[in-house]
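We use all heavy atoms of the structure for the numbers below, so side chains are in, but hydrogens, waters and symmetry mates are not. Count residues from 1 along the sequence.
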Amino acid sequence: MKKWILALSLASGVLALSACNQSGSDTVAESKVGNVTQEDLYNSMKTKYGEQALQQLVYEKVLSKKYKVTDKELNDKIDQLKSDLGANFETTLAQYGYKSEDDLKKTMKLGMLQEKAALKDVKATEKEMKDYYDNYKPEIKARHILVADEKTANEVKKKLDGGAKFEDVAKEYSTDTASAQNGGDLGWFGSGKMDPDFEKAAYALKVNEISAPVKTQFGYHIIQVTDKKEKKSYADMKKEIEYQVKSSKLTSDDINKAMERELKAANVKINDKDLKDALKPQTSAAAGQ
């Protein structure tokens, strides 16, 4: 999912550029030493954000004519991102310059449109999809208590074996303060999302079983799996598997080639000489996973 979060949202720049031409007054700000006009503001923002803002507007207009991103698709991506980031979701948005979840959705939607355009040129063989399915592990839901040393981990395990509530012990002992506030809950996760040693131990557990201390690079964990999803049949998963195999192959070059193709088909021309380079290929929001 990190391929979606790494792109900074330019929506605020786009909106501000548009607003400069929509205001009823030519003066944006007044002072004793002089005023700031719409033209002053527009030219300043055009210099700083013009190429990127124009690129975003053109890409969205061109792509939305041929490709569709439904509200469900977009919300599913947001929900997955929230699951991946957990309690760090809001902090991460701020870190990468997003003002809100709606702000993020604007950039994510464009990335998804670009991805759909580029995936047309990517192939997934039956063997690749079967191999993916054979190695696929359904998501599990787990909670943990993280401590610094094995002695403390054994103490924690003893308390749990003695009937202490997992959530209470997590709040008391766990050094993973973010999850500790939620009783150690890590939510749902799949293969490749966690530390390999943690993941191996978690997937070996039965539902509600509590592990012995598990050592990872972060310390010692006591893990409890609270739920598991069933593995669907290959036929039921084939569409999702095809998408996963194709998207794993996707590169920034694929995105750039797709955008060149779409812009050419739409006969896009830039009339503003100051922004003539706005549509030159750049690393896309949808690539770089």
Side-chain angles (χ1 to χ4, degrees), residues 1-11 14 51-81 83-84 96 98 104-137 139 190-193 232-270 275-289:
M1 293 300 296
K2 64 184 177 182
K3 67 182 179 182
W4 304 108
I5 197 66
L6 290 178
L8 290 177
S9 174
L10 299 165
V14 173
E51 289 190 357
Q52 294 169 313
L54 179 60
Q55 183 186 80
Q56 182 175 353
L57 288 167
V58 171
Y59 279 8
E60 188 167 3
K61 188 175 288 291
V62 168
L63 293 173
S64 61
K65 289 293 183 181
K66 292 176 66 174
Y67 308 96
K68 299 299 176 185
V69 172
T70 66
D71 289 342
K72 183 181 185 307
E73 289 175 317
L74 185 55
N75 289 331
D76 284 348
K77 286 288 186 185
I78 293 289
D79 290 343
Q80 183 60 56
L81 189 59
S83 176
D84 289 344
Y96 286 101
Y98 295 98
L104 169 65
K105 282 184 175 181
K106 293 172 185 175
T107 297
M108 186 171 282
K109 183 176 182 179
L110 177 58
M112 293 172 72
L113 287 169
Q114 288 178 280
E115 183 182 65
K116 288 193 174 193
L119 285 178
K120 284 175 57 176
D121 302 324
V122 181
K123 305 298 181 185
T125 67
E126 192 70 17
K127 183 181 183 305
E128 288 172 328
M129 292 193 288
K130 284 284 182 64
D131 288 344
Y132 179 94
Y133 179 77
D134 290 342
N135 292 306
Y136 170 77
K137 295 179 182 178
E139 286 188 327
S191 181
K193 296 292 186 180
K232 298 178 183 178
S233 69
Y234 177 71
D236 288 340
M237 290 187 63
K238 191 168 184 179
K239 186 175 181 181
E240 171 64 16
I241 290 172
E242 183 179 14
Y243 166 76
Q244 293 294 344
V245 172
K246 285 184 175 183
S247 64
S248 70
K249 297 180 178 182
L250 208 57
T251 67
S252 58
D253 285 340
D254 293 325
I255 298 289
N256 288 332
K257 288 176 183 177
M259 292 313 306
E260 287 175 15
R261 179 192 71 221
E262 298 295 341
L263 293 173
K264 183 177 181 181
N267 196 29
V268 175
K269 297 177 182 178
I270 298 178
L275 301 175
K276 60 183 176 63
D277 294 328
L279 300 183
K280 283 188 175 181
Q282 296 183 11
T283 300
S284 167
Q289 182 167 233

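Note that the CD atom of Gln114 and the CG atom of Asn256 stand 8.5 Å from one another [nearest 0.5 Å]. Separating the CD atom in Gln55 from the CE atom in Met259 is a distance of 7.5 Å, to the nearest 0.5 Å. Here Lys61 contributes atom NZ and Gln56 contributes atom CD; the two are 12.5 Å apart, rounded to the nearest 0.5 Å. Note that NZ of Lys116 is 9.0 Å distant from OH of Tyr243, once rounded to the nearest 0.5 Å. Here the CG-CG distance, from Leu81 to Asp76, works out to 12.5 Å after rounding to the nearest 0.5 Å. Here the OH atom belonging to Tyr234 is positioned 6.0 Å from the CD1 atom belonging to Ile241, to the nearest 0.5 angstrom.
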Between Lys77 and Val69, is the side-chain contact (heavy atoms from CB on, under 4.5 Å) condition met? List the steps. CA-CA 11 Å; Lys77 286 288 186 185; Val69 172; over 6 Å; no
Could you walk me through whether Val245 and Thr125 pass the side-chain contact (heavy atoms from CB on, under 4.5 Å) check? CA-CA 9 Å; Val245 172; Thr125 67; over 6 Å; no
Evaluate the side-chain contact (heavy atoms from CB on, under 4.5 Å) criterion for residues Glu73 and Met108: first the C-alpha distance (whole Å), next the side-chain angles of each, then the deciding distance (0.1 Å), finally the verdict. CA-CA 11 Å; Glu73 289 175 317; Met108 186 171 282; over 6 Å; no
Might you work through the side-chain contact (heavy atoms from CB on, under 4.5 Å) test for Tyr132 and Glu240, ending with a clear yes or no? CA-CA 11 Å; Tyr132 179 94; Glu240 171 64 16; 5.7 Å; no
Quick one: do Lys130 and Asp134 satisfy salt bridge (Lys or Arg N to Asp or Glu O under 4.0 Å)? Show the steps, please. CA-CA 6 Å; Lys130 284 284 182 64; Asp134 290 342; over 6 Å; no
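The shortest non-hydrogen separation linking Lys123 to Glu128 is O-OE1, 4.0 Å. Contact between Ala258 and Ala118 at its shortest, heavy atoms only, is CB-CA, 3.6 Å.
Asp236 CG: more than 12 foreign heavy atoms inside a 6.0 Å radius.
When only modelled atom types and interatomic distance are considered, Glu115 and Tyr67 share no side-chain donor-acceptor pair under 3.5 Å.
Using a cut-off of 4.0 Å between Lys/Arg side-chain N and Asp/Glu carboxylate O, Lys257 and Asp253 are scored as not salt-bridged.
Distance alone, capped at 3.5 Å, places no donor-acceptor pair between the Asn75 side chain and the Lys72 backbone.
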